[in-house]
Protein chains: 2
Amino acid sequence: MSEMVDHSVCGNPNAARAREVLDLVADKWSLYVIAKLGDGEQRFTELKRSVGGISQRMLTVTLRGLERDGLVTRTIYSAMPPNIAYRLTPLGATLVDATTPLVMWAIENLSSIDAARGRYDDDHVKEVRELNR
Amino acid sequence: MSEMVDHSVCGNPNAARAREVLDLVADKWSLYVIAKLGDGEQRFTELKRSVGGISQRMLTVTLRGLERDGLVTRTIYSAMPPNIAYRLTPLGATLVDATTPLVMWAIENLSSIDAARGRYDDDHVKEVRELNR
DNA sequence: CAGTATCCTAGCCGATACTG
DNA sequence: CAGTATCGGCTAGGATACTG
C-alpha cells in the first residue's frame, strides 16, 4: 500500500483534526507535565515543584485537560488530609514515547540554536546601525 | 558519558534551558510550518494556503522566528515580482524527524481521545444534573 | 507576491483569597 | 494538601489597510 510515513502526514484526511490534538498537547505546560509523569506517579504539590514555574491554577487546568483526554488518571488515596496521585494511562505512556524525541532534540541542539540566534541578532543590529549612519 | 535517554531528561542540567527551545518549537504554528517544509521548499503564499487557518501576520512572525533559530532559510529568487523560497536547514530537517513521532501519534490516537472526551463530558454533565435535583 | 504597519480584542494566565 | 473562585493585566494574534 505504497509506504508513506513522512510525506503523507500532510495529505492524510485526519491531519486537519489532528491539529486539535496537537493544539492540546503542544501547549506551554502539557508537554512538561506529561514528561514528569513519565517518571512515575506524582502528587499535585510534587508536580508543581518539579515542573517549576507553573501556577497552581495552570497545573489544575492542565491536569484536568489531560484527564479529560484520557492521558492521565486521578486517584484519591485519602480525602482528609488530601492525598491524590496523578499517573499516566497506557495511552498517556505512548504519548511520552512520542514526545521524547522532541525533548531530546531540544536538549541536544540548544547550543546550535543559541549560536544561530546570536548570529541573526548581530546581523540585525548591524543593519539598524547602518541605517542610523 | 553515562547513557541516560529517558529518565534523566528531567535531571539534565540543560533541561531548564531546553524549555526555551521547546516553547519556541511547540507553539501553535511552528510545528505545522516545519512539517510542511519537510515536504520541500515552499513560497510564502504556498505555505499560507497549505498550513491553512494561519494569518499572514502569524506566518511572517513564525518564519522569522524559525529563521532566527537557524531552522529555516529564506532565499530571494527575484525581488520584483517577489519570489522567495523557504527551506529547512540541515538542523531544521533533524527537527522534522524529531516531531514526526508526535504528529503520527496525534493522527493515530485521535479516535481514542475523542472517546475519552465524550466519556468525561458525559460524566461531568451527569454530576451537574444530580446537583440540580 | 510577500510582506509591513496599526489597531483592537478574546482569552490566557498569574496573583490573591478562600475551602474541605 | 489539593484544590476552587474571582479579578485584572497583558499579549497573542486576527482584521484591515497599505507598499515595494
Side-chain angles (χ1 to χ4, degrees), chain A residues 19-20 22-33 36-37 40-69 72-87 120 123-124 127-128 131, chain B residues 19-20 22-34 36-37 40-69 72-87 120 123-125 127-128 130-132:
Chain A
R19 291 183 27 177
E20 296 171 30
L22 281 173
D23 284 348
L24 170 96
V25 148
D27 79 302
K28 190 174 172 54
W29 297 116
S30 296
L31 225 48
Y32 305 133
V33 171
K36 293 294 176 183
L37 288 177
E41 142 185 332
Q42 295 206 30
R43 299 174 60 170
F44 188 89
T45 306
E46 225 171 346
L47 268 174
K48 181 159 159 42
R49 188 179 38 72
S50 67
V51 169
I54 192 170
S55 64
Q56 81 274 45
R57 184 179 176 285
M58 275 302 95
L59 183 53
T60 303
V61 170
T62 301
L63 284 170
R64 290 293 175 278
L66 295 173
E67 196 192 347
R68 181 165 108 104
D69 287 353
V72 159
T73 58
R74 181 172 180 273
T75 310
I76 305 174
Y77 285 139
S78 144
M80 206 56 192
N83 184 354
I84 285 149
Y86 290 93
R87 187 181 325 190
Y120 185 96
D123 290 355
H124 197 270
E127 281 170 31
V128 173
L131 288 173
Chain B
R19 291 181 28 175
E20 297 171 29
L22 281 174
D23 284 349
L24 170 95
V25 148
D27 79 303
K28 190 174 170 54
W29 298 116
S30 296
L31 227 47
Y32 306 134
V33 171
I34 285 283
K36 293 295 177 182
L37 287 177
E41 142 185 333
Q42 297 207 29
R43 299 174 61 169
F44 187 89
T45 306
E46 224 170 346
L47 267 174
K48 180 159 160 41
R49 189 179 37 72
S50 66
V51 169
I54 192 170
S55 64
Q56 81 273 44
R57 188 180 119 76
M58 275 301 97
L59 182 54
T60 303
V61 169
T62 301
L63 284 171
R64 291 292 174 277
L66 294 173
E67 195 191 349
R68 180 165 107 105
D69 287 353
V72 158
T73 58
R74 181 171 181 275
T75 310
I76 304 174
Y77 285 138
S78 144
M80 208 53 195
N83 184 353
I84 285 149
Y86 291 94
R87 187 180 327 189
Y120 184 96
D123 291 355
H124 197 270
V125 168
E127 281 170 32
V128 174
E130 274 162 32
L131 287 174
N132 289 344

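Each chain gets a letter, A, B and so on, in the order its sequence line appears, and its residues count up from 1.
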Sugar-phosphate, base or nothing in reach of B/Tyr77, heavy atoms under 4.0 Å: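 The residue B/Tyr77 makes no contact with any strand.
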Residue-phosphate contact under 4.0 Å: A/Tyr86 side-chain N/O, D/dC1 OP1/OP2: no
Strand-adjacent residues in residues 41-51 of chain B, judged by heavy atoms under 4.0 Å from DNA chain C: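 B/Arg43, B/Phe44, B/Thr45 - these, ordered by number, are the residues of the stretch whose heavy atoms sit under 4.0 Å from the strand.
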Contacts of type side-chain contact (heavy atoms from CB on, under 4.5 Å), residue A/Thr45, not counting sequence neighbours: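 Applying side-chain contact (heavy atoms from CB on, under 4.5 Å) to A/Thr45 gives none.
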Under the 3.5 Å Watson-Crick or G-U criterion, the dot-bracket string of DNA chain C, with | for inter-strand pairs: ||||||||||||||||||||
Contact state string [nucleotides 7-20 of chain C, B base, S sugar-phosphate only, - no protein heavy atom under 4.0 Å]: ------BBBBB--B
Rounded distance (Å) that lies between atom P of D/dC1 and atom CG of A/Leu63: 16 Å
Spacing of NE2 belonging to A/His124 relative to CZ belonging to B/Arg64, to within rounding of 0.5 Å: 9.0 Å
Of the listed nucleotides C/dT4, D/dG3, C/dA2, the one nearest the side chain of A/Ile84: D/dG3
side-chain contact (heavy atoms from CB on, under 4.5 Å) involving A/Arg87 - partner list, sequence neighbours excluded: A/Glu41, A/Thr73, A/Thr75, A/Tyr77
Counterpart residues, side-chain contact (heavy atoms from CB on, under 4.5 Å), relative to A/Leu22 (two or more places apart): B/Leu31, B/Tyr32, B/Leu102, B/Val103, B/Ala106
Show me the side-chain donor-acceptor pairs of residues 52-61 of chain A shorter than 3.5 Å, one per line, residues at least two apart or across chains.
| from | atom 1 | to | atom 2 | distance (Å) |
| --- | --- | --- | --- | --- |
| A/Ser55 | OG | A/Met58 | N | 3.2 |
| A/Thr60 | OG1 | A/Gln56 | O | 2.8 |

Side chains of A/Tyr120 and B/Asp69 in contact at under 4.5 Å (non-hydrogen atoms):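 Not touching, per the 4.5 Å side-chain cut-off.
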Qualifying salt bridge (charged side-chain N to carboxylate O under 4.0 Å, His left out) pairs with a residue from residues 76-86 of chain B, counting only residues at least two apart or across chains: none
Phosphate OP1/OP2 of D/dA2 contacted by A/Arg74 side-chain N/O (<4.0 Å):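 For A/Arg74, the contact criterion (side-chain N or O under 4.0 Å from OP1 or OP2 of D/dA2) is not met.
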Listed partners of A/Arg74 passing side-chain hydrogen bond (donor to acceptor under 3.5 Å, both in side chains), at least two apart: A/Tyr86
Non-neighbouring partners of B/Asp27 that pass salt bridge (Lys or Arg N to Asp or Glu O under 4.0 Å), sequence neighbours left out: none
Residues that B/Gln42 engages under side-chain contact (heavy atoms from CB on, under 4.5 Å), provided they are two or more places apart: B/Lys36, B/Leu37, B/Glu46, B/Leu47, B/Ser50
Validation row: A/Ile84, A/Phe44 side chains within 4.5 angstrom (heavy atoms):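 Answer no - side chains too far apart.
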